[in-house]
Structure formats: C-alpha cells, structure tokens
Amino acid sequence: MAWSSFHCSFLLVIPNIPANAEWAQKGVTVAGGHGRGNTTNQLYYPQGVAVDDDQTVVIADRDNDRIVQWKKSATNGKVVAGGNSNGSRLDQLKYPTDVFLDKETDSLIICDYQNRRVVRWARRSGTTQGEILVDNIHCERLTMDDQRYLCVSDCRKHEVRRYRMGDKEGTLVAGGNGQGDGLNQLNYPTYLVVDRQQTVYVSDYINARVMKWTKGATEGTVVAGGQGTGNALTQLSYPQGLLVDTFGTLYVAEHGNDRVTRWTQGAKQGTVIVGGNGQGAGVNQFKGPTGLSFDRHGNLYVVDFFNNRVQRFSLE
C-alpha cells in the first residue's frame, strides 16, 4: 500500500493562533510526573509526543523502550508499541525517540533509534508487533508531508531525507554536506516540521539554530537562533521540538534554556511563551524540554525530559 495513494492533510487541525496569543503559565501534568521508572504511571526520559483529536497523548518513552498512550485525565498510561524489553525483534523497540500519529491508517510511525529503523505499528486491538518501513538509518526524528512521504532526520549523516514506501534510499532534502555550520550543512539535526509547500524546518541542535529548507534548495535559511548558544532572545540553546502554525509562526523547545519560544516570520528574536523560569520541577518550569505538540484547540503540550512528564498549557 503506497502512502502516496492517500490524499489527506498531515498538518494538525488547530485554530488560527494570533501572533500575540498567550498560554497559561502553569502547566498541567497529563502523563508521567511520578519520577523516573517503568510502571504504568511513570515515564523514563520521554522524547517525542503526538496528540490525537480526543486529547489522547502518545509518547516515545525512550529509556523504557516503548510507546505509551495516556487518555485525557488518565492517571496511568497504556503500552501501545514495544514494552517487551529492548531488542531488535519486531515486537521490540530500542530507544524510540519519536512517534508520529498517522490518522489515515490509524497507526503509529516510530523512530526506533538504536535499531536504526523506522517502524509502523497499527493501533488496532491485538497488535503485537510492528513492520519495518525504513532501515539502516540513524533515525533521530520524523514527520510526514501532505503527500504521505516520510521525512526523517539522520543525526550521524547530518541530513534529512524524504521516503516513500519501498524506497530505501530516499531523497535528500536538507543537509547532506557533512557535519558543519555552513548554510548547506547541519550538525546533529533533530526535530522536523514540513509545511504544505514541502518546506522543511529542522532543529539544528549543535548549531543552536532552526533552519528552513525550501523544496529543491541546496542550502537552508536560518529562521531562529544562529547567534551562538546562549539565553538571549536572539539565541537558542540546544533546540529540540518544533511546531509551525497556520500563519507560519515557529515554536521551539529549547532544551538548554528550559523554555519554549515563539518566532514570527522574519523575526530576529523570539518571545518566551512558557517556561523560562529557571530549571526545576515547578508547574511553570522545565528541566530539558524536548517534544512539542498542539491539540486541535491550540493547547500546547511539552515533553519535560528530565522531569519525566508531559505538561499541557492551555491556550487563553
């Protein structure tokens, strides 16, 4: 079944968010928050997150080698992929770093990082193993474009490739010119967003910037950061999760600055929208934020890596 045989919107259906929108500064824990561990109410270094229409949260629970989902208001999660100790069998995962919720096929597409593969698990009841979509790749993060091609960041090759079913090589869409800080290079790319014009936005983690690569481009454009690692509003520190809303505004989880910043198109500096109150476990604090997601109402979900929780911030 070719992904390109479907024609659906891959973008989150969210309200138009004004450039001056505000979110509650106190987050609500919607997953984890009970210390680091492997019980059903705990997470262990979570990374990627996806949110379903009913506000079910699906999380790449990295060091537990599993994908878990938490229903709205649930006090415990449910394992929906992996969870059979780490390994390379089709019923196992090994350090999953990201998860994409494919609503068209009702399945989860997962970066199975240490197994160097991308796998798909059906969400239907009784699913006990996944299927390999792409292998032999240091899959750091992934997303899907509106033609149902996968875009995957490879942190060892410092590049992003676009794949369709049956294509094991993919097409280079960002980086691929060695490790570096040139406009045609990346240095440990992580999270990705692809818009309807197939423009790829990449968190260029070590270079402390977010890059935008238009379709067919041979080099990218800096759209956030790029002024060295730091905590000034013109700077980023280890950017991770990315979102782009319908107005083209960029949202960045800054792993090193414990905050989420908003960058409007053409802006030379960002605005802190949540966090930025020092590192900690308070309701207005983070400790190494990673993944980001919106729900259909515009509420913001932030994976709080070292606090082993996911926080929801309501759009006000």
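Count residues from 1 along the sequence.
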Checklist entry - Which one of Asn299, Val28, Val260, Val302 satisfies the side chain to side chain contact (heavy atoms under 4.5 Å, CB included) criterion with Phe313? => result Val302

Checklist entry - Between Leu192, Thr143, Leu242, Val194, which is the residue that forms a side chain to side chain contact (heavy atoms under 4.5 Å, CB included) with Tyr201? => result Leu242

Item to check | Tyr95 side, atom OH; Tyr113 side, atom OH - distance, nearest 0.5 Å | outcome: 10.5 Å

Checklist entry - Would you call the rings of Tyr238 and Tyr205 parallel, tilted or perpendicular if under 30° counts as parallel and over 60° as perpendicular? => result tilted

Item to check | Any pair counted as disulfide bond (SG atoms under 2.5 Å apart), so long as it reaches residues 137-240, sequence neighbours left out | outcome: Cys111-Cys139

Checklist entry - Between Ala224 and Leu236, what is the shortest heavy-atom contact and its length? => result O-CD1, 3.7 Å

Next on the checklist: As a quick check of understanding, evaluate side chain to side chain contact (heavy atoms under 4.5 Å, CB included) for Val244 and Tyr251, giving each step before the final call.
Outcome noted: CA-CA 6 Å; Val244 176; Tyr251 303 82; over 6 Å; no

Item to check | side-chain hydrogen bond (donor to acceptor under 3.5 Å, both in side chains) between Tyr191 and Arg141, intermediate numbers included | outcome: CA-CA 5 Å; Tyr191 288 86; Arg141 302 292 189 272; 3.2 Å; yes

Checklist entry - Does the distance from a Lys or Arg side-chain N to an Asp or Glu carboxylate O, for Arg162 and Asp167, drop under 4.0 Å? => result no

Item to check | Tyr301 versus Asp295, side-chain donor and acceptor atoms under 3.5 Å | outcome: yes

Checklist outcome for this item: Distance col, row Gln92:CD vs Asn84:CG, nearest 0.5 angstrom, shows 6.5 Å

Next on the checklist: As a test of understanding, state which of Arg156, Glu159, Gln185, His158 forms a side chain to side chain contact (heavy atoms under 4.5 Å, CB included) with Gln179.
Outcome noted: His158

Checklist entry - Quick one: CG on Leu101 to CD on Gln69, what's the gap to the nearest 0.5 Å? => result 9.0 Å

Checklist entry - Can Asp102 and Arg123 be counted as an ion pair, charged N to O under 4.0 angstrom? => result no

Checklist entry - So Ile109 and Leu142, side chain to side chain contact (heavy atoms under 4.5 Å, CB included) or not? Walk me through it. => result CA-CA 8 Å; Ile109 302 177; Leu142 56 76; 4.0 Å; yes

Next on the checklist: Suppose we screen for side chain to side chain contact (heavy atoms under 4.5 Å, CB included). Which residues come up paired with His34, at least two apart in sequence or across chains?
Outcome noted: Asn41, Gln42

Next on the checklist: If you apply the rule side chain to side chain contact (heavy atoms under 4.5 Å, CB included), what do you find for Val272 with Leu233, and how did you get there?
Outcome noted: CA-CA 8 Å; Val272 178; Leu233 290 177; 3.9 Å; yes

Next on the checklist: Rounded to the nearest 0.5 Å, what separates atom CG in Leu150 from atom OH in Tyr163?
Outcome noted: 9.5 Å

Next on the checklist: Check this for me, if you would: do Asp204 and Arg209 make a salt bridge, where the nitrogen-to-carboxylate-oxygen distance has to be below 4.0 angstrom?
Outcome noted: yes

Item to check | Heavy-atom pair with the smallest gap, counting every atom of Ala24 and Val274 | outcome: O-CG1, 3.9 Å

Checklist entry - How long is the span from the CZ atom in Phe100 to the OG atom in Ser107, to the nearest 0.5 Å? => result 9.5 Å

Checklist entry - Does Lys168 NZ have over 12 foreign heavy atoms under 6.0 Å away? => result yes

Checklist entry - Under a single-linkage definition using a 4.5 Å side-chain heavy-atom cutoff for Ile, Leu, Val, Met, Phe, Trp and Tyr, are Val310 and Val79 assigned to the same hydrophobic cluster? => result yes

Next on the checklist: If hydrophobic clusters are built by linking Ile, Leu, Val, Met, Phe, Trp and Tyr wherever their side-chain heavy atoms come under 4.5 Å apart, do Val68 and Tyr45 end up in the same one?
Outcome noted: no

Checklist entry - Do Tyr149 and Gln198 have a side chain donor and acceptor closer than 3.5 Å? => result no

Next on the checklist: What I want to find out is whether Asp65 reaches Lys94 closely enough, with some N-O distance under 4.0 Å, to be called a salt bridge.
Outcome noted: no

Next on the checklist: Checking Ile67 against Val58 for the side chain to side chain contact (heavy atoms under 4.5 Å, CB included) test, could you report, in this order, the C-alpha distance in whole Å, the side-chain angles of both residues, the deciding distance, and whether it holds?
Outcome noted: CA-CA 7 Å; Ile67 306 297; Val58 182; 3.5 Å; yes

Checklist entry - What's the spacing between Ile137 CD1 and Arg117 CZ if we round to 0.5 Å? => result 13.5 Å

Item to check | Val193 with Val252, same ILVMFWY side-chain cluster at under 4.5 Å | outcome: yes

